[in-house]
Amino acid sequence: MDVVVRSVEAVAPRIKSFELADPAGAHLPAFTAGSHIDVTLPNGLVRSYSLLNDSRERDRYVIAVLHEEAGGGGSAWVHESLRPGDVLEIGAPQNRFEIDEGGDHNILIAGGIGITPILSMAQRFDELGIDYRLIYCTRSREDAAFCAHIEERHGERATLHHDGGLRERSLDVDELLRVREPGTHVYVCGPPGLIAAVRKAAGEWPQGTVHFELFGAVRAGAGAAAENKPFDVHLRRRNVTLHVPADRSILDVLAANDIRVRTVCRDGFCGTCTTRYVAGSVEHRDGVLDEEGRKSLIQVCVSRALPGDTLVLDL
Ligand code: FES
């Protein structure tokens, strides 16, 4: 569908927020907290952005975009070219980071631009009168977006944690999650290191109580690229074995062999390229699959087999 940019606001030195509305002023499709939309940019790139506004609002979607110098150019175009009055093509909201409204206590942890879905979630818990805490980690207050809104709306429930870019001052998630009160869920969205730390600290929590969404899994993939090792994939239904070199993804190799897998983000966070595997060991690098899903599914755009292994895909 087409939407029009109603307003643009610089909310931090490298973050702008964009208010999108129906061009004719009609209601937009409803969404739930944690949802994202896929935005098609004029150069054909598709980027996913979380909706940060109150999920009861039907007259607008609000997204916030971090200008990433090392990105694929999508955020640069959005920052430099997108103006009020412009029309954008977007997909209907989808939610792969849903909240469980049955929890009694909720710990919401955001790192950097990962604040966007967390804001909508906090708003929702507030509306429902369900207990929550919001912890927002950034390097400094200047790097943080929406501070005034968070303080005003969430008051003492919100903690702004600034680490100055120093590892030794980063949020102590082990301490934060050490004792789990019954009925507690944790939600985390941010860079790979933060998500990994939370998942590790909550490793013993009951299944279904640890929820996460990775922002920019491409960065995780890029970080690991230097350590990529070759491996083989065997396509069970076709009975062919393909070699995946260190500098190619499974998706690249499948495409080179005319095997089409649907993709959107190619960054491991939209969930479109999910493929079933039946044997082999996977190094999961995505931000969408939970522990259960990872036992039989792989995002072929970013994840890999363990070096030297043969991964058997249900293709
Ligand atoms: S294409 Fe989005 S997760 Fe693979």
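Throughout, numbering of the chain's residues begins at 1 and tracks the sequence. Start at 1 and go down the list; that is how both ligands and their atoms are numbered.
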List every atom of ligand 1 that sits less than 4.0 Å from any heavy atom of C301, numbering the atoms from 1 in the order shown and giving each element.
1 (S), 3 (S), 4 (Fe)
When you check the side-chain N and O atoms of D131 and H105, is any donor under 3.5 Å from an acceptor?
yes
Does the pair D38 and S48 meet the rule for a side-chain hydrogen bond (donor to acceptor under 3.5 Å, both in side chains), with working shown?
CA-CA 4 Å; D38 291 333; S48 300; 2.5 Å; yes
Within the 4.0 Å heavy-atom shell around T263, which atoms of ligand 1 are there?
1 (S)
Could you verify whether a donor N or O on one side chain and an acceptor N or O on the other, from H234 and T241, lie under 3.5 Å apart?
yes
List the closest protein heavy-atom neighbour of atom 1 (S) of ligand 1: residue, atom name, distance to the nearest 0.1 Å.
R266 N, 3.2 Å
So, is the end of the R304 side chain (NZ or CZ) under 6.0 Å from the ring centre of F231 and within 45° of the ring's axis?
no
Please identify which atoms of ligand 1 are closer than 4.0 Å to at least one heavy atom of G268.
3 (S)
